[in-house]
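The structure displayed is predicted, hence computed values, not measured ones.
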Amino acid sequence: MRQPYYLYLLVLLFTCHIAAQDNRQTYTDSIANSQWPYKLPAWAQRITKKGIDIPYPFGVMVNYINASQKVEISDLQVGINDLEKVPLDFIKFGEVQAKVQSINTRIDVWALPFVNFYGIFGKTWANTSVELVYPIRFKTEVDFNGRMFGAGITVGGGYKHVFGTVDYNNTWTSFDEIDGPIHSHMVTPRFGYIFQSKRHPERNLGLWLGAQGLFINRTTEGSINLNDLNIGGSPIDFDVENTDWYQNLSPAQKVVVNQLTQKIKDKLENADVSDTSINYSLNKEATSHWSMSVGGQYQLNHNFQFRFEAGFFGGRQSILLSTNYRFGL
């Protein structure tokens, strides 16, 4: 007596499955039979006539980025107040790590169905921790606040549900403590697969695996007040005049080292060192230019997309969260 009931459930499930598949085909047919209402991207009508879904031409994306990158420092030169900078090439560094948080806005346009141009601007908060291992062992940290802007291009394409993109951008970040903007450029290829909803074909989830190439201008010059440095250690660690390495310094290096170590001792003893500025120049480079990334984007509809991406390997760790609003004009 119960067989008809179970048979009904099986027929119902099968029918729902067919209906879900029909929704995707119906959606594809509706795209092929529709008229693209916007001027951009160019050739959009040729693409949609084939039943290919494309994004609205304009977008405003808000991004939050939290990243850390291990850095190598070389060619350090230091001066105190009005003293000329001198090379301190005898200093050896341990781990140097830059941490960055940024909130930025990206405005973009699909000029062609496979080419996107964008501009980006925002606010950046940075922290750099530096470990010295020779001739004195201590750690120091400094915080920076700055503004950033940049521009980029994305080229992409796909076949059925498989897609690939390559993103290239240039950014410039300005900090009050650093002379001139820090210029970086990044190359990010991504390859992934889009899972399309059967019941709501305008919704999809794209997952990808990619790589990130980060390249930063090497030379940095600036000035920082000693009060703004967080320095660990004991004042006795900076009694250097009787050490062997100090005796091998040049006269100019001894002058700078004497003043610097004395001011650091004063700071550790809670004296006022607000009148002391450290002028510096150095070369910096990421321990590895390349890292890996994995991420995904959920499209609720043609207007709203939400993205997550994580970077790892190569001394780099990063998290990107973003919300994108797209529209046509």
inquiry  = Ring of Tyr56, cation from Arg326 - is the NZ or CZ under 6.0 Å from the centre and inside 45° of the axis?
reply    = no

ask   = Does Met292 reach the side chain of Arg316, with side-chain heavy atoms less than 4.5 Å apart?
value = no

request  = Indicate yes or no for a side-chain donor-acceptor contact from Asn204 to the backbone of Phe195 under 3.5 Å, with no hydrogens or angles considered.
outcome  = no

query = Any donor and acceptor pair, going by atom type alone, linking the side chain of Asn301 with main-chain N or O of Phe304 inside 3.5 Å?
reply = yes

ask   = Taking the side chain from Gln247 and the backbone from Glu241, do they hold a donor-acceptor pair closer than 3.5 Å?
value = yes

message = Quick one: does any side-chain atom of Glu221 pair with a main-chain N or O of Ser281 as donor and acceptor, under 3.5 Å?
response = no

task = Start with the C-alpha distance between Asn227 and Asp272, add both sets of side-chain angles, then the distance that settles side chain to side chain contact (heavy atoms under 4.5 Å, CB included), and finish with yes or no.
result = CA-CA 8 Å; Asn227 263 345; Asp272 182 15; 3.9 Å; yes

note = Residue set satisfying salt bridge (Lys or Arg N to Asp or Glu O under 4.0 Å) with Asp275, at least two apart, ordered chain then number -> Lys263

key: Contact check, side chains of Asn170 and Tyr168, non-hydrogen atoms, under 4.5 Å   = yes

note = What one should report as the nearest heavy-atom pair of Gln69 and Ala286 is NE2-CB, 3.7 Å

inquiry  = If you compare all heavy atoms of Leu112 against all heavy atoms of Pro41, which two are closest, and at what distance to 0.1 Å?
reply    = C-CB, 3.5 Å

ask   = Under 3.5 Å, side chain of His185 to main-chain N/O of Asn169, donor-acceptor pair present?
value = no

inquiry  = I need the minimum non-hydrogen distance between Phe93 and Leu132, along with the two atoms involved.
reply    = CE2-CD1, 3.8 Å

key: Closest heavy-atom pair and its distance - Ala151, Ile120   = N-CG2, 4.3 Å

inquiry  = Checking Ile178 now: which residues fulfil side chain to side chain contact (heavy atoms under 4.5 Å, CB included) with it, not counting sequence neighbours?
reply    = Phe144, Phe175, Ile182, Thr220, Tyr280

Validation row, ring centre Phe58 to ring centre Tyr38 under 6.0 Å = no

Point-to-point distance, once rounded to the nearest 0.5 Å, from CG of Leu83 to OG of Ser277 = 12.0 Å

inquiry  = Would you say that Gln97 contacts Lys70 through its side chain, given a criterion of any heavy-atom pair below 4.5 Å between the two side chains?
reply    = yes

query = If only atom types and distance count, is the side chain of Gln196 paired as donor or acceptor with the main-chain N or O of Pro201 below 3.5 Å?
reply = yes

Distance (rounded to the nearest 0.5 Å) between Thr261 OG1 and Leu268 CG = 11.0 Å

ask   = Does the side chain of Val255 reach to within under 4.5 Å of the side chain of Ile80, using non-hydrogen atoms?
value = no

request  = Report yes if some heavy atom in the side chain of Phe163 is under 4.5 Å from a heavy atom in the side chain of Phe191; otherwise report no.
outcome  = no

key: Pair Tyr246-Gln253, side-chain donor/acceptor within less than 3.5 Å   = no

ask   = Is there a side-chain contact between His302 and Asp53, using heavy atoms and a 4.5 Å cut-off?
value = yes

request  = Would you check if Leu320 and Arg307 make a side-chain contact, meaning some heavy-atom pair closer than 4.5 Å?
outcome  = yes

query = Is there a donor-acceptor pair closer than 3.5 Å between any side-chain N or O of Gln45 and the backbone N or O of Trp36?
reply = yes

message = Any side-chain to backbone donor/acceptor pair from Asn145 onto Ala126? Under 3.5 Å, distance only.
response = no

key: Any donor-acceptor pair under 3.5 Å from His183 side chain to Trp172 backbone   = no

message = Could you walk me through whether Glu141 and Asn230 satisfy the side chain to side chain donor-acceptor pair (under 3.5 Å) test, starting with their C-alpha distance in whole Å, then the side-chain angles of each, then the deciding distance to 0.1 Å, before giving a yes or no?
response = CA-CA 5 Å; Glu141 290 188 8; Asn230 299 317; 4.6 Å; no

request  = Indicate yes or no: at least one non-hydrogen side-chain atom of Lys265 is less than 4.5 angstrom from one of Asp239.
outcome  = yes

query = Checking Ser318 side chain against Asn66 main chain: does a donor-acceptor pair fall under 3.5 Å?
reply = no

